[in-house]
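Reading through the structure tokens given below for one structure.
Numbered from 1 within each chain, the chains take letters A, B, ... in sequence-line order. These values consider heavy atoms only, across backbone and side chains, with no hydrogens, waters or symmetry-generated copies.
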Amino acid sequence: MSTTIQNIQATYAFVERNANLVKRYWAWELVWMVYSIANSLSVSFIGLGMEALSGEQANVDGRFLVLYLVIGTLVWRYLTTVFYWITEVISIERWEGTIEYTLMAPVRRVVHMAGQTVFAVVYSLFFTGVILVVTVFVFDLDMSQANLWGGLVMLIAGSFSFIGISIMVSVLPLLFPERGAQMTHIVIAVLLLVSGVYYPIEVLPKALQVFGVVSPATYVLDGVRLTLLEGTPTNQLWPQIWPVLVMGTVLIPLGLWVFNLAERYAKRTGKLARNG
Amino acid sequence: MTTYAIIVNQVIKRFGREKDNHWIKGVFRKWTSANGKNGNKPVEEENTGPVLALDTVSFQVKEGEIFGVLGPNGSGKSTLIRLMSTLLLPDEGQILVMGLDPVHRQIEVQQLINRVSVEASFFKKLSPMENLIYGARLYGMGGKEIRQRVVQILTRLGLEKRNIFNPMEEMSRGMQQKVAIARALLSRPKILLLDEPTTGLDPVSKREVQAVVMELKEQDGTTILLTTHDMNEAEVLCDRVAILHKGKLIALDTPEALKDLVPRMNGHKPSLEDVFIHLTGDKLKEEQKEDIESAQAMVRAITNADKLVEKESQPALEQ
Ligand SMILES: Nc1ncnc2c1ncn2[C@@H]1O[C@H](COP(=O)(O)OP(=O)(O)O)[C@@H](O)[C@H]1O
Ligand SMILES: [Mg+2]
């Protein structure tokens with residue numbers, strides 16, 4: 001049997017397994033979906049709220065603010081959904097008790113992560129898509145000027161850098177069986193603060209802006225806002241796209257390298273499992 | 001010429017870090033014990049020291065045999081199996097699986113082996129079919145034939161068809177263990193590692209699992225390494241048995257030869273259990289002579305008392 005076919009089979013193993021898990025835990029996914037929609041809507045209503053609070057003469061464009069915030073919540077929802085599906089690659093299996101069976105199978109970690117990532121991206125696009133439809137409906141948003149295709153291109157390009165970060169962070173649950181999963185939340189909280197999800201990063205103190213510059217989310221949000229708010233054509237997105245591609249090219253191999261180191265450490269110290 | 005499926009050579013595995021004796025910690029310890037309510041009580045440090053899970057273990061498993069590793073809980077059986085299945089790395093020594101070192105030839109070794117552990121370890125909400133298809137794909141297999149093979153293997157193991165598509169969590173332990181065996185067989189391993197496959201099963205399931213193991217050996221010539229703490233199981237299934245005690249290999253032979261180690265008692269042959277007690281009891285004497293001496297004194301006292309009772313009851317019987 002050729003190795004390529006074997007690798008495709010193994011990649012698909014993770015995609016299919018995760019799809020089955022979503023299907024069997026559908027009630028939980030539905031709860032999460034409702035939560036996410038409520039979350040997106042309440043943040044976006046801040047836009048209309050600002051207009052009402054500032055009064056007539058302040059000249060606040062509520063519709064613009066709403067769209068600005070909608071984009072923030074959707075892009076952020078997409079990126080964090082990708083992030084959590086990847087960082088939970090170990091925690092899910094530790095919880096189910098299958099981790100040893102997956103890690104003793106003849107599958108290279110690149111292939112393992114590729115499978116997990118393909119599912120993460122496809123599912124996150126679907127998940128965010130549903131929220132988008134609901135928000136457009138609720139706020140009666142006018143997307144006629146928006147370059148939707150460009151927004152999607154920006155989102156996919158940005159995924160690569162986020163995948164790299166996620167693979168690196170997924171090491172935490174591997175090294176710290178008890179607390180590792182919680183530690184991943186810190187990474188997300190800091191990225192949310194510095195990446196300009198709900199505000200331009202220029203409003204941050206100088207020290208925090210520096211972090212914003214190295215966060216890939218900053219560029220993704222920037223690019224998506226340009227395409228959806230101003231209808232910027234896709235071929236003018238290069239200033240936003242190249243930084244995330246460079247980050248992805250560095251972070252993905254680095255993440256895999258760190259993961260392999262951590263896996264060896266876990267196998268030396270017996271952190272994978274100890275019962276039985 | 002015998003070919004060896006597994007060679008274990010001088011393997012040592014420790015868990016837990018060496019005690020850290022940085023001077024700051026020493027000061028801190030003194031300070032805490034001076035201020036604590038139980039100042040004179042020694043600080044409990046039993047769990048901080050390293051555990052020697054395997055202590056210079058060596059043996060070979062021949063191709064096609066069923067090799068048993070017998071030992072009580074904590075003797076290092078699972079650690080041994082994890083080292084063979086690339087889930088742990090040895091501290092010292094080497095293991096060869098079909099001539100390959102799992103440390104350096106990970107993927108190649110993984111293709112040759114599969115494993116069944118005490119706990120069934122499945123995605124609980126997924127069905128046996130979904131779990132096994134996932135397992136098969138990890139080994140590069142897929143497609144229609146695999147679905148047929150899953151049904152075929154599971155029915156051969158005595159699983160009812162309707163159970164194949166229901167969530168694992170709705171099944172009994174015995175059935176789950178059969179699915180675990182099916183998962184291991186699906187990849188057609190050259191070497192099957194069975195870590196206490198029958199522990200916690202009811203007698204009927206236990207016998208069924210044992211029958212499957214025998215069948216595998218006879219039909220497919222699979223090499224099987226099986227751990228157990230059930231003496232009878234080792235005797236029934238295994239060609240040779242190694243006895244592991246506190247990480248040390250203390251005996252290795254055929255079940256018959258092991259039994260001959262123990263003097264015959266009251267004319268009937270000793271069980272493997274007697275062998276085990278005989279061997280581990282000896283070890284204990286070296287380590288804890290004082291304890292043993294006091295125990296012996298007690299035994300002496302009890303046997304004397306027994307003799308007294310016998311003497312007293314004798315005349316009563318004659319009457
Ligand atoms: N991953 C681990 N981390 C720390 N200690 C471990 C680990 N695995 C096993 N041990 C310890 O090593 C010893 C041998 O355990 P194990 O191989 O599981 O024995 P068995 O399978 O014979 O019951 C025990 O003292 C156990 O507590
Ligand atoms: Mg065990």
What residue, out of [options], has the most heavy-atom pairs lying under 4.5 Å from chain B?
{"options": "Ile99(A), Leu103(A), Ile92(A)", "value": "Leu103(A)"}
{"options": "Ala266(A), Gly270(A), Pro106(A), Ala105(A)", "value": "Pro106(A)"}
{"options": "Arg264(A), Lys271(A), His112(A), Glu96(A)", "value": "Glu96(A)"}

Could you tell me which portion of [X] (side chain, backbone, both or neither) has an atom closer than 4.5 angstrom to a non-hydrogen atom of chain A?
{"X": "Asn73(B)", "answer": "neither"}
{"X": "Lys13(B)", "answer": "side chain"}
{"X": "Glu108(B)", "answer": "neither"}
{"X": "Ser127(B)", "answer": "both"}
{"X": "Phe123(B)", "answer": "both"}
{"X": "Val109(B)", "answer": "neither"}

Handout entry: Residue that, paired with Asp55(B), satisfies side chain to side chain donor-acceptor pair (under 3.5 Å) out of His245(B), Lys248(B), Lys246(B)
Key = Lys248(B)

Practice task
Kindly indicate, with the supporting measurements, whether the criterion salt bridge (charged side-chain N to carboxylate O under 4.0 Å, His left out) is fulfilled by Glu29(A) and Lys23(A).
Solution key: CA-CA 9 Å; Glu29(A) 291 300 319; Lys23(A) 215 164 60 192; over 6 Å; no

Exercise for the section: Check the pair Tyr84(A), His185(A) against ring pair (Phe, Tyr, Trp, His ring centres under 6.0 Å), reporting the backbone distance first and the verdict last. Expected result: CA-CA 9 Å; Tyr84(A) 280 121; His185(A) 303 321; 5.5 Å; yes

Problem - Near-ring test Tyr35(A)/Trp32(A), centroid separation under 6.0 angstrom - result: yes

Practice task
Please report the shortest heavy-atom distance between Ile95(B) and Leu83(B), naming the atom on each side.
Solution key: CD1-CB, 3.6 Å

Flag the pair [X] and [Y] as a salt bridge only when some basic side-chain nitrogen lies within less than 4.0 angstrom of an acidic carboxylate oxygen.
{"X": "Lys206(B)", "Y": "Glu233(B)", "result": "no"}
{"X": "Lys124(B)", "Y": "Glu170(B)", "result": "no"}
{"X": "Glu145(B)", "Y": "Arg149(B)", "result": "no"}
{"X": "Arg17(A)", "Y": "Glu93(A)", "result": "yes"}

Problem - Contact class of Glu100(A) relative to chain B, heavy atoms under 4.5 angstrom - result: both

Practice task
Side chain from CB out, backbone as N, CA, C, O: work out which of these in Thr11(A) comes under 4.5 Å of a heavy atom of chain B, or both, or neither.
Solution key: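 Contact with chain B involves no heavy atom of Thr11(A) at all.
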
Practice task
Give the member of Asn131(B), Ile133(B), Leu138(B), Ile81(B) that has the highest number of heavy-atom pairs under 4.5 Å with chain A.
Solution key: Leu138(B)

Problem - Largest heavy-atom contact set with chain A, pairs under 4.5 Å, which of Leu89(B), Leu87(B), Ile107(B), Leu88(B) - result: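 Max contact count across the listed options: Leu87(B).
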
